[in-house]
Amino acid sequence: MNSIYEKIHQQIKRVVGDAFKACAKNGSLPETEIGEIPVEVPRERGFGDFSTTIVMQAARQLRMPPRKAAEILIQAMDLTDTYIEKAECAGPGFINFYLDRNWLYDALRLIQEKKERYGELDMGRNVRVNVEFVSANPTGPLHMGNARGGALGDCIASILKKAGYDVTREFYINDTGNQIEKFGISLEARYLQQLLGEDKVPFPEDGYHGEDIIDHAKAYISEYGDALLKENPEKRREKLVQYALPINIERIRKMLSSYGIEYDVWFSEKSLHESGEVEETIRFLKEHGYTVEKDGAIWLSGEKLGLEKDEVLIRNNGVPTYLAADIAYHRNKFITRGFDWCIDLWGADHHGHVARMKAAMSPFGVSEDRLEVVLFQLVRLYRNGEIARMSKRTGKTISLEDLLEEVGRDAARFFFNLKTSGSHLDFDLDLAVSQSSENPVYYVQYAHARICSLIRKLREEEGVVLKGTDRINPELLTRDEELALIRKLSEYPEEVRMAAKTLEPSRLTRYVMDVAAHFHSFYNACRVKGEEEPLMMARLMLVDSTRVVINNVLDLISIHAPEKM
RNA sequence: GUGCCAGUAGCUCAGCUGGAUAGAGCAACGGACUUCUAAUCCGUCGGUCGGGUGUUCGAAUCAUCUCUGGCACGCCA
């Protein structure tokens, strides 16, 4: 068992299901086809620990008022061998379940038993899932969009892994096509400017204007001199790209690594062209009638795939579009490599691409639900209460590097996972560095440090260490603050399940803030050190369990859990 | 013009496969350190869920209309 919730849900479903059967048998309720029995946690504590709305949902089939059906059902319930102490009908027809406290004490024992594995689930059943994220153009530094996508994608991957999926993290390298072309032209212009004088060579208006391009040109010259002056332009650009591209990719890899992200696969777009997979993919689409030809180009048929319009796959100059390569890429993921499920993280400005991409998979027998696109809204940075666009230090657009330098990896990752991906994110730079209670990162980390300090002090000053679970009486924990904290800790596996289901890591950052809050309340209300041994030990068990949970969540989202602050 | 996303407390946001009296943090105000970390806690204040209509036992949640903001509609990626 991984979750006490799972166990309780099973108990309630069994009890309710059996009661329905018994009532149908003795005729007190009509025989009905009841579906999944919903189990929820009531909003108000006074309504018990768990509840179900099943009779309200089945009211029509039961042909009687929900409250009446609920009463009959409750009479027929057999509560032996469950945590359920009593069931009551309330409100318009809720059935509320009141549990005996043993479920909370068992939850605590479960945490101690599982420790760092507490929260692991098997809902993924080893389904192979590919999570592709960031995939930034390797033509320049990483920006805020990449930063949010990176934090989100990495955490989604971690959550799915925790939930039992077989996860591959992947970076798609756009190492060919128009952007690379432009990269080459920009490098060439800077190269020539360095050697011939800036005013002698015009810089293309739509080129990459960043300093890094000039740095590449300078570095190339100091290493290889001016030999490319005599080379023909095409060859010259190729050489420069060959030089600068691997450097940029390596920089991206290092940057993301220092951000806490390690990929399993770096997949080259160029390789899709070289292996003939792009060509093969288009041929397949053509042969199966998914393309049309017009204006000298080959188009993906919108009509055939239920899309608004046709999309160019091969331009009239014979060069495949990004879409063509992207279709080949996803075909490679699903067909060649056999992933069951693919998750792409895109900035919200790419939303128009979603329907196309999903539809384009159907000719290959890949159903739409196997491709999940998580769109995230863009980020606005705030400093001094105003929108910040420029880096303090360089005066240029703020890069991921600048952000990590200013606020650090922990704050960056935490803040980017604070809001649901679909909502706009205002990133307050001042708040992220402030060491105060308003800063949620510090709030959570402080709770962890406080716990570690408490445990350390007990050990060093009193020689007290946590005993084995079988020698502790968690039943001594009866105060509201203690029970509320245990209840919160017991929710963790359920939070992982929901985060995996909704692909929303923000659930976990909010959850861990909640855990910290409950701990701080407990800490202010109860003492550990100085209490009678049995109670002290029970509380130590609770405190250590809190440490385990906070540590597990922070570890899951790759944020440092300090032992001292 | 068409489509997608968003609109919930002064601010930033949860809640959205319909459920009980709509939540949290911050801000504001009032309290709590001779004690295991006050980077903390406790309390008070705060709402026409953008607006209208509909669906039904019940709507922040679903449908529809409308207003506002962001984005997308390239032989760009």
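In this text the structure is predicted, and so the values were computed from the model without any measurement. Note on naming: letters A, B, ... go to the chains in the order of the sequence lines (proteins, then strands), and numbering restarts at 1 for each one.
- With a cut-off of 3.5 Å on both pairing distances, the Watson-Crick or G-U wobble partner of B:C13 is B:G23.
- Only the P atoms considered, B:A60 is 14 Å distant from B:U53, to the nearest whole Å.
- Between the P atoms of B:G31 and B:A24, the separation comes to 23 Å (whole Å).
- B:A20 has its base stacked against the ring of A:Phe47, the centroids being under 5.5 angstrom apart at an interplanar angle below 30°.
- The base of B:C71 lies close enough to the side chain of A:His351 for a donor and an acceptor atom to sit less than 3.5 Å apart.
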Review item, nucleotides 73-77 of chain B N/O atoms under 3.5 Å of protein N/O:
{"residue": "B:C75", "atom": "O3'", "partner": "A:Arg315", "partner atom": "NE", "Å": "3.3"}
{"residue": "B:C75", "atom": "O2", "partner": "A:Asn316", "partner atom": "N", "Å": "2.9"}
{"residue": "B:C75", "atom": "O2", "partner": "A:Asn316", "partner atom": "OD1", "Å": "3.3"}
{"residue": "B:C75", "atom": "N3", "partner": "A:Asn316", "partner atom": "ND2", "Å": "3.1"}
{"residue": "B:C75", "atom": "N4", "partner": "A:Asp295", "partner atom": "O", "Å": "2.8"}
{"residue": "B:C76", "atom": "OP2", "partner": "A:Asn178", "partner atom": "ND2", "Å": "3.4"}
{"residue": "B:C76", "atom": "OP2", "partner": "A:Arg315", "partner atom": "NE", "Å": "3.0"}
{"residue": "B:C76", "atom": "OP2", "partner": "A:Arg315", "partner atom": "NH2", "Å": "3.3"}
{"residue": "B:C76", "atom": "O3'", "partner": "A:Asn178", "partner atom": "ND2", "Å": "3.1"}
{"residue": "B:A77", "atom": "OP1", "partner": "A:Arg315", "partner atom": "NH2", "Å": "2.8"}
{"residue": "B:A77", "atom": "OP2", "partner": "A:Arg315", "partner atom": "NH2", "Å": "3.2"}
{"residue": "B:A77", "atom": "OP2", "partner": "A:Tyr322", "partner atom": "N", "Å": "3.2"}
{"residue": "B:A77", "atom": "N6", "partner": "A:Arg356", "partner atom": "NH2", "Å": "3.4"}
{"residue": "B:A77", "atom": "N3", "partner": "A:His350", "partner atom": "NE2", "Å": "3.3"}

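- When the side-chain nitrogen and oxygen atoms of A:Ser521 are compared with OP1 and OP2 of B:U40, none of them lie within a distance under 4.0 Å.
- For B:G23, the OP1/OP2 oxygens have a side-chain nitrogen or oxygen of A:Arg43 closer than 4.0 Å.
- A tilted orientation is assigned to the rings of A:Phe267 and A:Tyr329, their planes being inclined by 30° to 60°.
- Taking the centre of each ring, A:Phe519 and A:His448 stay at or above the 6.0 Å mark.
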Does the salt bridge (charged side-chain N to carboxylate O under 4.0 Å, His left out) test come out yes or no for A:Glu36 and A:Lys13, once each step is laid out? CA-CA 8 Å; A:Glu36 179 77 6; A:Lys13 284 174 189 181; 2.7 Å; yes
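- When side chains are defined from C-beta on, A:Leu256 counts as touching A:Tyr263, because their heavy atoms get closer than 4.5 Å.
- Closest heavy-atom contact between A:Ile472 and A:Ala538: CG2-CA, 3.7 Å.
- For B:U35, neither phosphate oxygen OP1 nor OP2 lies less than 4.0 angstrom from any side-chain nitrogen or oxygen of A:Lys529.
- Both distances falling under 3.5 Å, in either a Watson-Crick or a G-U wobble arrangement, occur for no nucleotide opposite B:U55.
- The gap from the C1' atom of B:U8 to that of B:G23 amounts to 10 Å, rounded to the nearest Å.
- Along RNA chain B, the nucleotide nearest to A:Tyr523 and the one nearest to A:Arg380 differ in position, and the one closer to the 5' end is contacted by A:Arg380.
- For A:Asp175 and A:Ser268, the side-chain atoms include at least one donor-acceptor pair closer than 3.5 Å.
- Between the P atom of B:U37 and the CZ atom of A:Arg456 lies a distance of 8 Å, rounded to the nearest Å.
- Annotation for A:Thr139 and A:Ile213: closest pair O-CD1, 4.1 Å, computed over non-hydrogen atoms.
- Residue A:Arg527 places no side-chain N or O under 4.0 Å from the OP1 or OP2 atom of B:U35.
- With respect to A:Phe50, the ring-ring contact (aromatic ring centres under 6.0 Å, His included) criterion is satisfied by exactly one of A:Phe97, A:Tyr5, A:Tyr98: A:Tyr5.
- Syn is the classification of B:C33, since its glycosidic angle stays within 90° of 0.
- Of the C1' atoms belonging to B:A63 and B:U21, the separation is 27 Å, rounded to the nearest Å.
- Across all strands shown, B:G18 remains unpaired; no Watson-Crick or G-U wobble contact has both distances below 3.5 Å.
- Nearest-nucleotide mapping onto RNA chain B: of A:Leu425 and A:Asp514, the residue sitting toward the 5' end is A:Leu425.
- Whole-Å rounding puts the A:Leu378 CG to B:G69 C1' distance at 14 Å.
- In a base pair of the Watson-Crick type (N1 to N3 plus N6-O4 or O6-N4) or a G-U wobble (N1-O2 and O6-N3), with each distance short of 3.5 Å, B:A6 is matched with B:U68.
- Less than 4.0 Å separates RNA chain B from at least one heavy atom of each of the following residues of residues 49-56 of chain A: A:Ser51, A:Met56.
- For B:G1, the paired nucleotide is B:C73, the pair qualifying as Watson-Crick or G-U wobble because both relevant distances are below 3.5 Å.
- B:G50 sits 8 Å from B:U61 when the P atoms are compared, rounded to a whole Å.
- Look at A:Thr420 and you won't find any side-chain N or O under 4.0 angstrom from OP1 or OP2 of B:C5.
- A 4.5 Å side-chain heavy-atom check between A:Ser421 and A:Leu152 finds at least one atom pair inside the cut-off.
- Using Watson-Crick or G-U wobble geometry with both donor-acceptor distances under 3.5 Å, B:G43 finds its partner in B:C29.
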